[in-house]
Structures are given as structure tokens and as C-alpha cells.
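The structure under discussion appears below in the form of C-alpha cells.
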Amino acid sequence: MAGDERAKASSTGSSGLMRPPRTRLDQPKAPRRRLLPEYDPEAFGRFSERIARFLGTGRFIVWMTLIIIVWVLWNIFAPKDLRFDQYPFIFLTLMLSLQASYAAPLILLAQNRQDDRDRVTHEQDRKQNERSIADTEYLTREIAALRMGLGEVATRDWIRSELQDMVKDMEERQVLFPAESDEGDR
């Protein structure tokens with residue numbers, strides 16, 4: 001009984017309030033309800049890039065110009081009861097403002113995504129350059145070590161010159177001391 005009271009006291013703490021039960025770490029949490037709809041940010045980003053690419057083309061400018069010309073001509077020359085936007089073309093201005101208000105953030109989103117890709121590419125290029133520099137420095141040290149090692153190796157030309165010097169020394173000894181060479185012949 002005393003153990004049960006201690007367990008109750010430890011779960012209530014010093015304030016006497018009940019703590020929520022501990023969550024298990026080996027089980028995933030239940031998903032929370034969200035007020036906003038779920039969307040895939042990558043899909044939205046790709047969509048915004050497609051729109052930004054289209055807005056930056058001559059095709060878009062031609063289509064927009066044709067729509068505006070048809071709009072204005074319709075609202076000037078059509079019968080009065082079929083016109084939907086009178087001369088100051090307030091509705092046309094509203095539509096163009098709406099198009100611009102959506103185009104600007106989509107273009108900025110596409111630019112931010114491109115900046116992120118460029119940043120990753122530059123980081124990869126920087127790492128590749130560092131590896132190339134390290135490899136070049138390693139090869140430079142190896143070549144220098146080989147040159148130093150070759151400086152101590154006897155080359156064919158060096159041996160030939162040493163042998164020629166020795167032959168000259170022997171010939172000079174024969175000229176200076178001919179008797180020594182004759183004694184060896186007897």
C-alpha cells in the first residue's frame with residue numbers, strides 16, 4: 001500500500017496535479033489535425049518554375065498583347081448590351097493587376113529555387129576544386145621526390161663520363177710510369 005502511495009505521489013509531483021502519461025518513444029505519434037490543406041512544396045515549386053518560364057517568353061507577350069487588343073476592340077465596337085468593360089477599362093486594369101500580383105511571387109519563387117540549385121552546384125564545384133588542388137599538390141610533391149631521388153641515381157651519361165675519366169687517368173699513368181706497366185708483363 002505504501003508503494004502505491006509513493007507511485008501516486010511521484011506522478012502527481014509536489015503540486016498534486018496529475019501529469020499526462022508518458023509517451024512511448026518506440027511508437028510514432030498520432031498525426032495532428034491541420035487547419036491548412038497539405039501540399040507538396042516541390043510540386044508547387046516546379047509549377048511556379050513552369051509559369052515563370054512561360055512568362056519570360058515572347059509567346060506570352062504575343063498572347064497577352066492579342067488578348068488586350070481583342071478586349072479593347074470588343075469593348076469599343078461591340079453592341080452596347082454585349083460590352084462588359086466600358087472605356088476606362090477598369091476591369092482590364094484589374095485583370096492585369098491580378099495577373100501581375102500572381103506573376104511576381106511565382107517568378108520570385110522560381111528564382112529562389114534556381115538560387116538554391118546554383119548554391120548547391122557552386123558548393124559541389126568548390127569541393128571538387130579543393131580535391132583537384134589537393135591532388136595537384138600531392139602529385140607535385142611526388143614529382144619533386146622523384147626528381148630528388150633521380151638526382152642520386154647514377155644515369156648512363158654520368159657512368160659513361162666517370163668511365164672515360166678513369167680511362168684517361170689510366171692512360172696518364174702509363175705515360176708517366178711506363179716501367180710499372182712493363183714489369184707486370186714479365
Side-chain angles (χ1 to χ4, degrees), residues 1-140:
M1 183 104 162
D4 290 338
E5 290 173 11
R6 267 188 255 138
K8 253 188 203 178
S10 68
S11 70
T12 58
S14 61
S15 65
L17 297 175
M18 291 293 288
R19 286 189 201 166
R22 289 187 179 209
T23 57
R24 293 191 52 174
L25 296 178
D26 62 338
Q27 295 178 351
K29 285 184 169 184
R32 294 189 303 171
R33 293 183 51 110
R34 298 185 183 254
L35 297 175
L36 299 175
E38 294 284 328
Y39 71 96
D40 180 17
E42 284 300 311
F44 187 74
R46 288 189 300 271
F47 174 71
S48 69
E49 286 176 343
R50 282 197 308 262
I51 290 175
R53 271 192 226 107
F54 175 69
L55 292 177
T57 63
R59 179 184 294 170
F60 170 75
I61 293 171
V62 168
W63 278 108
M64 184 61 86
T65 303
L66 288 175
I67 289 171
I68 291 172
I69 289 171
V70 168
W71 185 298
V72 169
L73 291 177
W74 180 267
N75 286 298
I76 290 175
F77 297 115
K80 283 204 182 267
D81 56 332
L82 294 178
R83 294 181 195 172
F84 55 90
D85 193 15
Q86 295 302 317
Y87 165 66
F89 305 119
I90 302 298
F91 189 55
L92 176 63
T93 305
L94 177 68
M95 296 280 58
L96 291 174
S97 298
L98 182 67
Q99 182 266 332
S101 69
Y102 274 97
L106 290 175
I107 291 170
L108 288 174
L109 178 63
Q111 286 177 340
N112 289 341
R113 286 174 52 88
Q114 185 62 44
D115 288 343
D116 292 342
R117 280 194 298 272
D118 290 344
R119 191 176 306 113
V120 169
T121 303
H122 289 306
E123 182 65 24
Q124 290 172 346
D125 289 347
R126 187 186 63 77
K127 286 180 181 178
Q128 180 63 36
N129 288 342
E130 287 177 357
R131 285 191 297 269
S132 297
I133 289 171
D135 290 346
T136 304
E137 289 174 351
Y138 171 76
L139 291 174
T140 303

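- At a cut-off of 3.5 Å, with distance as the only test, a side-chain donor of Q114 or D118 sits close to an acceptor on the other residue.
- In this structure, CH2 in W71 is found 10.0 Å from CZ in F89, a value given to the nearest 0.5 Å.
- Across all their heavy atoms, T93 and P88 have their closest contact at OG1-O, 4.4 Å.
- The number of heavy-atom neighbours closer than 6.0 Å to CZ of F54, taken from other residues, nucleotides and ligands shown, is above 12.
- Distance CG/D85 to CG/L92: 6.5 Å, rounded to 0.5 Å.
- Taking CD1 from I67 and CD from Q99, the interatomic distance works out to 9.5 Å, rounded to the nearest 0.5 Å.
- A salt bridge does not link D116 to R113: none of the charged side-chain nitrogens sits closer than 4.0 Å to a carboxylate oxygen.
- When the shell of 6.0 Å around OH of Y138 is examined, it contains 12 or fewer heavy atoms from other residues, nucleotides or ligands.
- Distance CD/Q128 to CD1/I133: 10.5 Å, rounded to 0.5 Å.
- With respect to E130 and R126, a salt bridge is recorded, a charged nitrogen being found less than 4.0 Å from a carboxylate O.
- Side-chain atoms of L96 and I68, non-hydrogen and from C-beta on, do get closer than 4.5 Å to each other.
- Summarising the geometry, atom OG belonging to S48 is positioned 9.0 Å from atom CZ belonging to R53; distances are rounded to the nearest 0.5 Å.
- By the neighbour-count criterion of 12 heavy atoms within 6.0 Å, atom CZ of F47 is sparsely surrounded, having that number or fewer from other residues, nucleotides or ligands.
- Looking at N75, its side chain never comes within 3.5 Å of a backbone N or O of Y87 through a donor-acceptor pair.
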task = May I have the step-by-step check of side chain to side chain contact (heavy atoms under 4.5 Å, CB included) for L109 and F44, ending in yes or no?
result = CA-CA 10 Å; L109 178 63; F44 187 74; 3.6 Å; yes
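- The shortest distance between side-chain heavy atoms of R34 and L36 does not fall below 4.5 Å.
- In terms of heavy-atom proximity, I61 sits nearest to T65 at O-OG1, 2.7 Å.
- Note that the CD atom of Q111 and the CD atom of E49 stand 11.0 Å from one another [nearest 0.5 Å].
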